[in-house]
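Notes follow once the structure below has been shown.
The sequence lines fix the lettering, A, B, ..., with proteins before strands; numbering per chain opens at 1. These values consider heavy atoms only, across backbone and side chains, with no hydrogens, waters or symmetry-generated copies.
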Amino acid sequence: MISIQFPDGAVRQYETGITALGIARQISEGLARKVLAANVNGETWDATRPIHTDATLQLLTWNDDGGKQTFWHSSAHLLAEAVEQTFPGVKFWVGPSIEKGFYYDMDLGDRKITEEDLKNLEKKMNELARQSNPYLRKEISKAEAVDYFREKGDEYKLDLLSNLEDGSITFYTQGQFTDLCRGPHIPDTGFIKAIHLSGIAGAYWKGDEKNKMLTRVYGITFPQQKELDEYLVMMEEAKKRDHRKLGKELGIYTMNEDVGPGLILWMPNGTVIIEELEKLAKETETAAGYKRVVTPHIAKENLYLTSGHLPYYADSMFPPMQMDGETYYLKAMNCPHHHKIYDAEPRSYRDLPYRIAEYGTCYRYEQSGELFGLMRVRCLHMNDAHIYCSKEQFRDEFKAVNDMYLKYFKIFGIEKYVMRLSLHDPEKLGQKYINEPELWKETEELVRNVLIETGVPFVEVKGEGAFYGPKIDVQIWSAIGREFTLATNQVDFAQPRSFNLRFTNKSNEPEIPLIIHRAPLGTHERFIGFLLEHYAGKFPVWLAPVQVKVLPISDKYIDYAAGVEQLLRRAGIRVEIDDRQEKIGKKIRDTELMKIPYMLIVGEKEQQDGLVSVRRQGMGDVGSETLDVFTQRIRQEVENREG
RNA sequence: GCCGUUGUAGCUCAGUGGUAGAGCACUUCCUUGGUAAGGAAGAGGUCGUGAGUUCAAUUCUCAUCAACGGCUCCA
């Protein structure tokens with residue numbers, strides 16, 4: 001007999017060799033039908049694997065992350081079985097579960113999988129699933145495993161095997177398909193009731209672009225058809241919120257082939273948002289003691305040699321221009337220009353912290369395959385600023401920047417975020433990172449301590465620092481689950497040295513300042529892309545390109561409507577009038593679709609009594625009031641940046 | 001940059017080896033209508049670009065550009 005301890009602390013005795021599934025069955029048949037895997041002593045196991053020792057046990061179902069992951073991993077095996085039957089001789093690499101579903105990487109030789117094939121593969125997977133084939137686990141010696149895949153001619157699995165220790169190797173077989181796999185798996189394929197293969201893509205073997213490109217098939221499966229249907233509906237909804245779709249529909253931005261890829265043309269509606277964001281940033285920064293500067297878009301080569309951008313990041317800069325025998329570059333960063341402003345006058349400790357801000361325009365030559373709507377572009381407008389301070393001031397300055405982030409998050413209703421402390425990789429000193437091992441250690445420690453002191457939740461990532469120092473990236477998620485690096489907050493100990501920046505300290509000695517690079521609102525491009533998805537295009541009134549639309553019931557009331565429009569415009573409200581010869585229902589519909597926050601409907605009643613009939617986007621008719629009352633209310637809403 | 005898919009009217013999309021079609025939007029006319037689509041007529045495209053095959057290419061082939069789905073990258 002063995003003792004099994006359940007998550008609620010209860011301990012029960014079972015026959016040695018009982019399986020998690022067996023235990024579930026003793027509890028209830030219904031539970032047994034739902035068990036996908038089990039957590040045994042902290043390890044995820046097959047529900048069908050015999051337990052021979054005392055253990056803690058948690059049964060995993062679809063409602064547990066571990067259950068889902070197992071389900072999807074088993075689905076990947078099912079996909080592989082279907083692929084092997086359809087494309088004999090295919091070689092497989094790996095097929096893990098991912099956040100939403102699974103994929104399998106494979107080498108199909110000269111053959112290609114088409115969209116048509118996906119449909120057939122889905123069909124075949126469904127057939128195989130209905131056979132309810134068990135996933136059979138087998139421990140196997142390394143030699144046997146090598147023989148198996150050598151015979152199959154699968155060099156990818158042989159490569160996997162070469163990294164595994166004898167004695168730890170298991171095979172899983174379901175139906176006709178056997179795979180090298182650590183497991184665990186669901187009891188049998190019959191659990192998989194709904195299958196959707198979502199795409200084909202290329203993926204480098206081992207994620208290295210020097211390696212061969214394999215074919216990756218993505219899919220997602222569910223234990224019930226209903227859940228797949230819901231998932232597909234959700235995907236459709238997400239598509240509607242895509243910033244590229246909304247950006248076009250709402251006249252926010254456009255792109256043009258003649259202008260070039262990754263170069264955004266901001267239309268009037270988008271420009272309103274830009275100006276509102278800049279207004280917010282300028283207010284906030286001025287209040288926090290920043291001064292504003294303006295710098296040119298280009299500079300001579302030497303500036304970027306000094307800054308270190310050219311030796312490290314020449315590939316990501318636009319190619320140089322020759323002029324008057326000099327070489328010029330478009331700026332990829334604002335910092336070198338700002339450093340020159342710092343350095344334009346002698347600085348004393350009394351001048352510090354010296355904070356300068358600019359909505360700077362930068363140009364980066366992003367690889368063509370990386371361009372993505374507003375999120376990855378080649379010309380960007382950064383909410384940039386640099387803080388030059390002494391070591392003693394660093395903590396307070398860093399914290400103040402942090403507070404600014406939190407203030408913005410509140411305004412925009414951003415609740416889910418994570419700060420990532422990106423550190424250097426000592427092995428890449430001198431290549432990816434400036435070769436100053438001591439300084440790296442020192443500043444990383446400094447930043448980590450500040451983060452701990454200020455109590456901000458963060459994770460550490462090795463090998464993702466900037467070349468001039470550690471950085472903190474702020475990850476946020478848009479409403480459709482897309483992850484962004486919104487903002488960045490970086491420490492720079494390299495450039496103050498390379499630019500030979502100094503200040504005179506209290507002891508009348510030259511001292512090197514520290515620099516904080518920060519961009520809480522990231523770039524206009526990425527931030528507005530995020531906001532579009534975050535708000536689903538329904539901007540709060542203060543950001544809405546058009547805040548009010550005046551809708552006359554008929555031509556007879558256009559004069560009154562025009563008067564309303566005039567008064568609102570004089571009150572600083574962005575207002576338009578819809579004087580088309582359309583019925584009011586049509587005008588309302590079109591205005592709703594444009595997601596304009598307020599509609600003022602005016603007809604005979606309103607004209608007689610000097611009223612407006614107010615309609616709030618998404619809420620319908622909210623009653624009539626005088627124009628004065630309305631104006632006051634909307635102005636307040638704008639001023640407080642509500643929403 | 002790499003793999004794959006796509007490119008037809010302002011938008012969404014159909015279609016064909018014999019120089020193109022729908023809905024919405026647009027223009028004009030009728031209608032003057034009270035809270036999410038009134039009616040009619042009209043205008044609009046050298047079918048992404050370049051080359052090849054063909055009597056003939058928007059359609060087939062190749063190249064190229066761009067967008068999209070991924071991979072790699074992202075100071």
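For the pair A:Arg111 and A:Phe87, the cation-pi criterion (under 6.0 Å, within 45° of the ring axis) is not fulfilled. For the pair A:Arg216 and A:Tyr104, the cation does not sit on the ring face, since its NZ or CZ is not both under 6.0 Å from the ring centre and inside 45° of the axis.
Taking the centre of each ring, A:Phe493 and A:Trp440 come in below the 6.0 Å mark. Taking the ring centroids of A:Tyr342 and A:Phe499, they lie at or beyond the 6.0 Å cut-off. Between A:His243 and A:Phe530, the ring centre distance reaches or exceeds 6.0 Å.
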Salt bridge (charged side-chain N to carboxylate O under 4.0 Å, His left out) assessment of A:Glu444 paired with A:Arg448: CA-CA 6 Å; A:Glu444 283 176 358; A:Arg448 186 184 291 112; 5.2 Å; no
Stepwise side chain to side chain contact (heavy atoms under 4.5 Å, CB included) test for A:Leu568 and A:Val564: CA-CA 6 Å; A:Leu568 282 170; A:Val564 170; 4.0 Å; yes
Side chain to side chain contact (heavy atoms under 4.5 Å, CB included) between A:Thr221 and A:His196, worked out: CA-CA 6 Å; A:Thr221 50; A:His196 174 66; over 6 Å; no
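Residues A:Arg580 and A:Ala201 both approach RNA chain B. Their nearest nucleotides, taken by heavy-atom distance, put A:Arg580 toward the 5′ side. Comparing A:Tyr365 and A:Arg526, the nucleotide of RNA chain B nearest to each residue sits closer to the 5' end for A:Tyr365.
Within 4.0 Å of A:Gln495, counting heavy atoms only, lies no atom of the nucleic acid at all. Among the protein residues, A:Gln490 comes within range of the sugar-phosphate backbone only, with heavy atoms under 4.0 Å from sugar or phosphate atoms but none that close to a base. Here A:Ile553 lies in heavy-atom contact (under 4.0 Å) with a base.
For A:Arg244, the side-chain atoms get nearest to B:C68 when compared with the rest of B:C11, B:C68, B:A75. Across B:U35, B:G38, B:A37, the shortest atom-to-atom separation from the side chain of A:Lys583 is found for B:G38. Minimum atom distance to the side chain of A:Lys556 is reached by B:G33, of the listed B:G33, B:A36, B:A75. Nearest to the side-chain atoms of A:Pro261 among the listed nucleotides B:U35, B:C74, B:A67 stands B:A67. With B:A66, B:G38, B:U35 as the choices, the nucleotide that has an atom nearest any side-chain atom of A:Lys586 turns out to be B:G38. Out of B:A36, B:C71, B:A75, the shortest distance to the side chain of A:Ala332 is found at B:A75. With B:U72, B:G4, B:U35 as the choices, the nucleotide that has an atom nearest any side-chain atom of A:Ser613 turns out to be B:U35. Listed nucleotides: B:C73, B:A37, B:U32. Nearest to the side chain of A:Asp555: B:U32. When distances are taken from the side chain of A:Ser316 to each of B:A75, B:U35, B:G1, the shortest belongs to B:A75. Which of B:G38, B:A36, B:G34 sits closest to the side chain of A:Glu592 comes down to B:A36.
With respect to the salt-bridge test (charged N to carboxylate O, under 4.0 angstrom), the residues A:Lys206 and A:Asp159 qualify.
Taking atom C1' on both nucleotides, B:C47 is separated from B:U6 by 14 Å, rounded to a whole Å. For the C1' atoms, the distance from B:C60 to B:G17 is 8 Å, rounded to whole Å. A gap of 13 Å separates the C1' atoms of B:G23 and B:A37, to the nearest Å. Spacing of P atoms, B:G42 relative to B:C11, comes out at 24 Å, to the nearest Å. The gap from the P atom of B:C62 to that of B:C24 amounts to 39 Å, rounded to the nearest Å. A distance of about 33 Å separates the C1' atoms of B:A43 and B:U35, rounded to the whole Å. Comparing the C1' positions of B:U59 and B:A41 gives an interatomic distance of 33 Å, to the nearest angstrom. With P as the reference atom, B:G7 and B:G39 are 32 Å apart, rounded to whole Å.
Contact between A:Val217 and A:Met106 at its shortest, heavy atoms only, is CG2-CE, 3.9 Å.
For A:Lys556, the salt bridge (charged side-chain N to carboxylate O under 4.0 Å, His left out) test picks out no residue, with sequence neighbours left out. Evaluation of the salt bridge (charged side-chain N to carboxylate O under 4.0 Å, His left out) rule for A:Asp107 yields A:Lys212 as partners, not counting sequence neighbours. Qualifying salt bridge (charged side-chain N to carboxylate O under 4.0 Å, His left out) partners for A:Arg526, counting only residues two or more places apart in sequence or in other chains: none.
Look at A:Ser368 and you'll find a side-chain N or O under 4.0 angstrom from OP1 or OP2 of B:G1. The phosphate of B:U35 has neither OP1 nor OP2 within less than 4.0 Å of any side-chain N or O from A:Tyr598.
Scanning atom types as modelled, one donor and one acceptor separated by under 3.5 angstrom connect the side chain of A:Glu370 and the base of B:U72. Side-chain atoms of A:Glu366 stay outside donor-acceptor range of the base of B:G1, with no qualifying N/O pair under 3.5 Å. Within 3.5 Å, no donor on the side chain of A:Tyr557 pairs with an acceptor on the base of B:G33, nor the reverse.
A heavy atom closer than 4.0 Å to some atom of RNA chain B occurs in A:Arg364, these being the qualifying members of residues 356-364 of chain A. Near-neighbour residues of RNA chain B inside residues 207-214 of chain A, defined by a heavy atom below 4.0 Å, number-ordered: A:Gly207, A:Glu209, A:Met213.
The CD1 atom of A:Ile601 lies 9.0 Å from the OG atom of A:Ser624; values are rounded to the nearest 0.5 Å.
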Pairing pattern in dot-bracket form [Watson-Crick, G-U; both distances under 3.5 Å; | = partner strand] for RNA chain B: (((((((..((((....[..)))).(((((.......))))).....(((((..]....))))))))))))....
